[in-house]
Amino acid sequence: MPDLVDAAVRIDSELVTNALRHGTRPAWHTLRQVLLADGGLSVHIVVGDRGEGWELRSGPATAAAKGTTVRGLDTVAMLAVAWGATRSYAGHLVWADLRVGQQRSPGSGSPRSWTPTEWRFTSTI
């Protein structure tokens, strides 16, 4: 998956920076390869922190209302096939998906809600 390395690093960096700047520590992140129902592969990136986060109702503009900059989330939306935010027992989670081998137009990653079923966090910051 060498074609996804730059996008995955950029997304992870943006989300970790947001978690450290605006969240409540500790923060954590994970990148994992996921087999999709259609047989395709996705790289699933999740960054979380202990903070209350923000509700994802209308996309990145909601984050701006909480005093964050939208620029980082716009970058995530441009690079990801899909992304979103949710709250969990552990705090606030923001996730992004990169589809392996799928061509997409910049900015087509749409924010949406998503509820995790299982997490294995690999790094605490």
Side-chain angles (χ1 to χ4, degrees):
M1 296 181 265
D3 57 323
L4 297 181
V5 171
D6 289 340
V9 168
R10 182 74 185 269
I11 288 171
D12 192 59
S13 175
E14 292 290 347
L15 297 181
V16 167
T17 298
N18 284 349
L20 294 175
R21 182 176 290 158
H22 305 290
T24 303
R25 293 183 188 189
W28 56 89
H29 67 129
T30 186
L31 285 76
R32 127 177 14 175
Q33 179 179 305
V34 178
L35 179 62
L36 303 172
D38 65 6
L41 293 174
S42 177
V43 173
H44 186 67
I45 302 165
V46 180
V47 175
D49 65 74
R50 293 280 183 191
E52 70 177 52
W54 40 269
E55 281 293 325
L56 182 64
R57 294 187 195 275
S58 60
T62 305
K66 291 283 282 183
T68 64
T69 61
V70 178
R71 189 171 47 250
L73 295 178
D74 284 343
T75 299
V76 172
M78 284 180 19
L79 296 172
V81 171
W83 72 278
T86 190
R87 290 189 181 116
S88 78
Y89 68 91
H92 183 241
L93 304 173
V94 182
W95 60 272
D97 288 332
L98 294 168
R99 176 93 186 225
V100 177
Q102 178 174 321
Q103 298 297 320
R104 53 180 302 281
S105 59
S108 65
S110 58
R112 59 183 179 174
S113 295
W114 183 79
T115 303
T117 56
E118 173 190 351
W119 297 107
R120 292 184 194 145
F121 298 110
T122 58
S123 180
T124 301
I125 302 162

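Note that the coordinates shown come from a computational prediction; the quantities given were computed from them, not determined experimentally. Computation of the quantities below employed the complete heavy-atom set of this structure, encompassing side-chain atoms and omitting hydrogens, waters and symmetry-equivalent molecules.
For residues 8-20, the salt bridge (Lys or Arg N to Asp or Glu O under 4.0 Å) pairs, not counting sequence neighbours, are Arg10-Glu14. Listed by first then second residue, pairs satisfying salt bridge (Lys or Arg N to Asp or Glu O under 4.0 Å) with a partner in residues 37-49 read Asp38-Arg99, not counting sequence neighbours.
Once rounded to the nearest 0.5 Å, the distance linking CG of Leu98 with CG of Asp6 reads 11.0 Å. Note: Leu41 CG to Leu4 CG = 10.0 Å, rounded to the nearest 0.5 Å.
Looking at every heavy atom in both residues, Asp3 comes nearest to Gly101 through OD2-N, 4.3 Å. In plain terms, the two heavy atoms of Ala96 and Val76 that are nearest each other are CB-CG1, 4.0 Å. Pairing each heavy atom of Glu52 with each of Arg87, the nearest pair is O-NE, 2.6 Å. Between Ala19 and Val47, the shortest heavy-atom contact is CB-CG1, 3.8 Å.
For the side chain to side chain contact (heavy atoms under 4.5 Å, CB included) test, residues two or more places apart in sequence or in another chain that qualify with Thr17 are Ser13, Arg21. Scanning for side chain to side chain contact (heavy atoms under 4.5 Å, CB included) contacts around Arg50 gives Thr24, Pro26, Trp28, Ala90, with sequence neighbours left out.
In terms of hydrophobic clustering, with Ile, Leu, Val, Met, Phe, Trp and Tyr side chains grouped at heavy-atom distances under 4.5 Å, Leu20 and Val94 are assigned to a common cluster.
Each of Ile11, Val46, Ile45 was evaluated against Trp95; a single residue qualifies, Val46, per the side-chain contact (heavy atoms from CB on, under 4.5 Å) test.
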